[in-house]
A.B. asks: 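Here it is, the structure, as structure tokens.
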Amino acid sequence: MPQIFHPSSNYLFKIVIVGTVLAVSALGYVLFQLGADSSYATRQGVAREQPVPFSHTHHVGSMGIDCRYCHSTVETAAYAQVPPTKTCMNCHSEIWVTSPTLEPVRASYRTDESIKWTKVHDLPDFVYFNHSIHVKKGVGCETCHGRVDTMPLMYQQNSLEMRWCLDCHRNPEKYVRPRQFITTMGYRPSEPQEVIGARLVKEYQIQKLESCYTCHR
Amino acid sequence: MRIKSIWKVAGVLGALALLGACRQDMHDQPKYKPLRPSDFFADGRQMRPLVANTIARGELRDDEAFYTGKNGKDEIDYFPLTVDKALIERGQDRFNIYCTPCHGRIGNGLGMIVRRGFKQPPSYHIDRLRQIPVGHFYDVITNGYGAMLNYSQQIQPRDRWAIAAYIRALQYSQNANINDLSPEQRANIPVSTKKEPGSETPHVPELPNFPEKPTLIPGVPGATPAGVKPGAKPVGPPAKPAAPKTGAAQ
């Protein structure tokens, strides 16, 4: 009986084996990217549907309302606060009172039932985060949340991954701004950022907090 | 055979990778956090309201003047805390956040929301509001007034007084009189040295011709803003709007 495989087939098999290993690792890499590290997983840049299509473009960009008008606890508490329905009604008791889009807001005000907003910036529960200290140390809203004034529906500008947090925790001077510009959208430093950043780090006594328990406590 | 087992291993690894990405137990723990929904409480909220008839520590509001802006039924006409530059600047900051959407940056009642159809509030620079006791502003922020809903949740008591102080400063700024400055301060006002065309002497603003009493609307003699003692010397800008009365501070 003659041999089925010619000796040269050895090469073929070797190529197939190496190729398979490569293909599997490539597939693994793609799966990892898709599963853990992609904007699909972090939901970066994905506008979320909300019970009322609230537009930051309109309220911040066109109306010029300060962030803190609605997110009024951002300077004093860990949570910046999704405003209660009452805050909407401060204006919408008089404006757009017949708009069907705003019916859920009026219904919530009538019945005292919360509007179930979809949380867009949702950190894992094993992360401690406090807005007030970041605001106090000169981290602008825009630095993490992006140009909110250009977002018709809210989405997450940044990945909110740990390495993203660490980037600033390691080099705060690259990102901090004077406190009076905290809520400014489209802020441009009046001097080069290296100069102003280094000065603010000193002035606001900003520490480079990199230990695990800064956030995982 | 060998290739098949490699595929099996690859398949298991792939499935594990997928499973790993799906585990969210520690991301979404069943603990209570602010603003989260709850299945347990009837109102569906994890945040709990204060139990009725209880007062949180440090929240006893027994200083009537400070926490209501009133003395009995009357609005108080003094500040129940020390008014200094820091407080007025804090007031400016808070005013620009919470009040400008309707009242406008200078308090003329022409804010952006008004231009979009909200009922126009009166300007702060009318006689009635210039003379009204400061407690009125505190009370309006606390309880609302007319179309304006209350801001008691958004603005804390001390900040309400800061805003009231800043409103007085705004009123003063729109109604300032050169005669209120001391001669030294007047001498320090920069004078334009630009020569008027066809004139040899530098242009000097007509300083001495200001009316004795401030007027805002022509023909209507404005009165001294309430709370400002007649003859009280304002220090340069930002003007101190009212003679601070150091009553019960904070």
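Computed from a predicted model, the values in this text were never measured in an experiment. Here is how names work: the chains are called A, B, and so on, in the same order as the sequence lines, proteins then strands, and each is numbered from 1.
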A.B. asks: Among Thr183(A), Asp112(A), Asp122(A), Ile65(A), single out the residue with the greatest number of heavy-atom pairs under 4.5 Å to chain B.
C.D. replies: Asp112(A)
A.B. asks: Tell me whether the rings of His134(A) and His169(A) are parallel (<30°), tilted (30 to 60°) or perpendicular (>60°).
C.D. replies: tilted
A.B. asks: Taking the six-membered ring for Trp, are the ring centroids of Tyr138(B) and His136(B) within less than 6.0 Å of each other?
C.D. replies: no
A.B. asks: Quick check on Tyr69(A) against chain B: is it the side chain, the backbone, both or neither that has a heavy atom closer than 4.5 Å?
C.D. replies: both
A.B. asks: Name, in order of residue number, those residues of residues 152-161 of chain A that have a heavy atom at a distance of less than 4.5 Å from a heavy atom in chain B; otherwise write 'none'.
C.D. replies: none
A.B. asks: Are Asp125(A) and Arg36(B) close enough for a salt bridge, meaning some N to O gap below 4.0 Å?
C.D. replies: yes
A.B. asks: What part of Arg45(B) is in contact with chain A, defined as an atom under 4.5 angstrom from a non-hydrogen atom: side chain, backbone, both or neither?
C.D. replies: side chain
A.B. asks: Which bit of Leu35(B) is near chain A, if near means a heavy-atom gap under 4.5 Å: side chain, backbone, both or neither?
C.D. replies: side chain
A.B. asks: Just jot down the side chain to side chain contact (heavy atoms under 4.5 Å, CB included) partners of Cys165(A), sequence neighbours excluded, or say none.
C.D. replies: none
A.B. asks: Do Tyr128(A) and Asn130(A) meet the criterion of a side-chain donor-acceptor pair at a distance under 3.5 Å?
C.D. replies: yes
A.B. asks: Any idea which of Cys70(A), Pro84(A), Cys67(A), Ser72(A) has the most non-hydrogen atom pairs under 4.5 angstrom with chain B?
C.D. replies: Ser72(A)
A.B. asks: Going by an N to O cut-off under 4.0 Å, is there a salt bridge joining Glu59(B) and Arg57(B)?
C.D. replies: no
A.B. asks: Between Arg48(B) and Asp43(B), is there a salt bridge with N-O shorter than 4.0 Å?
C.D. replies: yes
A.B. asks: Taking only residues at least two apart or on different chains, which pairs with a member in residues 38-63 of chain B satisfy ring-ring contact (aromatic ring centres under 6.0 Å, His included)?
C.D. replies: none
A.B. asks: Strictly by salt bridge (charged side-chain N to carboxylate O under 4.0 Å, His left out), give each pair with a member in residues 62-75 of chain A just once, sequence neighbours left out.
C.D. replies: Asp66(A)-Arg68(A), Arg68(A)-Glu75(A), Glu75(A)-Arg94(B)
A.B. asks: Please look at Asn150(B) and chain A and tell me whether the side chain, the backbone, both or neither of the residue comes under 4.5 angstrom of a heavy atom of that chain.
C.D. replies: both
A.B. asks: As an exercise: rank Glu94(A), Lys116(A), Met89(A) by heavy-atom pairs under 4.5 Å with chain B and give me the winner.
C.D. replies: Glu94(A)
